[in-house]
Amino acid sequence: RPTTVSTVNGSYKLDNSVWFNGSDEYLVQSSTFTSAPTDADKYSLSLWLKRTKSGTAETFAHSNPSANEYEQLKFNTDDLEYQFNDNSSGDNGFNLVTSALYRDPTAWMHVMVRRNAGNVDTFVNGVKAAGAVGTGAGTFPGHFTDTAGVIEFGRQNYPGSSASSYYSGYIAEIILLDGYFAEPTD
C-alpha cells in the first residue's frame, strides 16, 4: 500500500512505514520460529507509531495462540495499555495502563514493552511510561514469543470472533527480541 499522505500543500511520503486505515487493514506475522524461543517469558518488543486519530480504542500489536489466551498493546482511547490474559492456565490476566495521554497526530512515538516473567515495563520515547500501573497476576507465559500463535499488527483478533479495534496510523521498525530484556537506549 502506498505511504503517500495528502496534505493541504501537496503530499509527502513516509518512507519505510506501513499505513493502517483504521477499518480493515492489518499485518499478520507468523511467530512460528525455526526452534523454540530462547526464553518464552523474556522478550522486548519495539516499534515506532504515528497515530492519525485519537479518542478511540485501537490495537497495534496482538497475539493469541487460542481463544482464551492473548497479549496485546493498544491505545484505550488515548492512554497506552499492555494487556495479557491466559485463562487456559488459570491466570486471570495482567493489565498495565499509563496515566499519560497520547493524542498528537503529528508526532512519531517509539513504544517498547519488555518483559521478564512477571516484570513488565512500557516505555514511550525512551522514558518509562508515566503512571504505568499493573493489575492482575504476576507470572504468565509470553504469547508474542509463543510458537503456536501469530502476531497481528493493526487490529485485535480472537479465534472464533470478529476482528476489531483496528489501528489508524503508521507503524515502522517493528523489532521483537527473543530472550532479551532491552534497555530503551539499546
Side-chain angles (χ1 to χ4, degrees), residues 3 5 12-20 26-27 29-31 33-52 54 58-63 70-84 93-147 149-154 156 167-186:
T3 56
V5 179
Y12 61 94
K13 187 175 179 186
L14 297 174
D15 290 331
N16 304 315
S17 66
V18 178
W19 176 63
F20 298 88
Y26 61 97
L27 291 174
Q29 172 60 49
S30 170
S31 64
F33 298 99
T34 55
S35 61
T38 304
D39 185 343
D41 292 333
K42 187 176 186 179
Y43 73 81
S44 301
L45 175 64
S46 166
L47 45 82
W48 284 89
L49 301 171
K50 182 176 181 182
R51 297 183 80 182
T52 55
S54 63
E58 299 179 321
T59 302
F60 52 88
H62 179 92
S63 180
Y70 65 87
E71 188 169 19
Q72 67 184 2
L73 278 166
K74 65 185 249 178
F75 291 107
N76 184 16
T77 61
D78 294 322
D79 59 0
L80 183 65
E81 193 167 343
Y82 165 86
Q83 293 180 323
F84 174 86
F94 181 80
N95 212 23
L96 184 70
V97 183
T98 66
S99 62
L101 302 178
Y102 303 97
R103 297 181 178 144
D104 188 351
T106 65
W108 280 93
M109 68 179 91
H110 178 252
V111 175
M112 183 179 84
V113 62
R114 64 181 190 172
R115 62 169 279 177
N116 186 1
N119 298 316
V120 178
D121 294 317
T122 305
F123 295 86
V124 177
N125 296 330
V127 177
K128 190 169 182 175
V133 176
T135 60
T139 60
F140 43 83
H143 295 314
F144 284 134
T145 54
D146 192 314
T147 57
V150 297
I151 301 173
E152 295 188 326
F153 297 95
Q156 68 183 23
Y167 174 68
S168 178
Y170 297 86
I171 298 179
E173 296 184 27
I174 301 167
I175 301 170
L176 176 62
L177 300 170
D178 166 38
Y180 187 66
F181 197 64
E183 293 299 325
T185 54
D186 289 349

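Quick note: residue numbers are just sequence positions, from 1.
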Go through D186 and Y180 one step at a time and tell me if the side-chain contact (heavy atoms from CB on, under 4.5 Å) criterion holds.
CA-CA 11 Å; D186 289 349; Y180 187 66; 2.7 Å; yes
Full working for side-chain contact (heavy atoms from CB on, under 4.5 Å) between L176 and I151:
CA-CA 10 Å; L176 176 62; I151 301 173; 3.8 Å; yes
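Between N76 and V97 there is no side-chain heavy-atom pair separated by less than 4.5 Å.
Between F60 and F75, the ring planes are tilted. Angles from 30° to 60° get that label.
For I174, the side-chain contact (heavy atoms from CB on, under 4.5 Å) partners are L45, L47, F153, I171, not counting sequence neighbours. Considering only residues two or more places apart in sequence or on other chains, D121 meets the salt bridge (charged side-chain N to carboxylate O under 4.0 Å, His left out) condition with R114, K128.
Of all non-hydrogen atoms in T59 and Y167, the two that sit nearest each other are O-CB, 3.4 Å. Pairing each heavy atom of Y43 with each of R115, the nearest pair is CE2-CD, 2.8 Å. Considering all non-hydrogen atoms of both residues, Q72 and Q156 come closest at OE1-OE1, 3.0 Å.
More than 12 heavy atoms of other residues, nucleotides or ligands sit less than 6.0 Å from atom CZ of F123.
Note that the CD atom of E173 and the OG atom of S46 stand 8.0 Å from one another [nearest 0.5 Å]. The CD1 atom of I175 lies 10.5 Å from the CH2 atom of W48; values are rounded to the nearest 0.5 Å. Note that the CG atom of L73 and the NE2 atom of H62 stand 11.5 Å from one another [nearest 0.5 Å].
In this structure a side-chain-to-backbone donor-acceptor pair under 3.5 Å is missing from D79 to A100. T52 places a side-chain N or O within donor-acceptor distance of the main-chain N or O of S168, the cut-off being under 3.5 Å. Here the side chain of S44 pairs no donor or acceptor atom with the backbone of L177 at under 3.5 angstrom.
The residue from T106, D104, D78 that alone fulfils the side chain to side chain donor-acceptor pair (under 3.5 Å) condition with R51 is D78.
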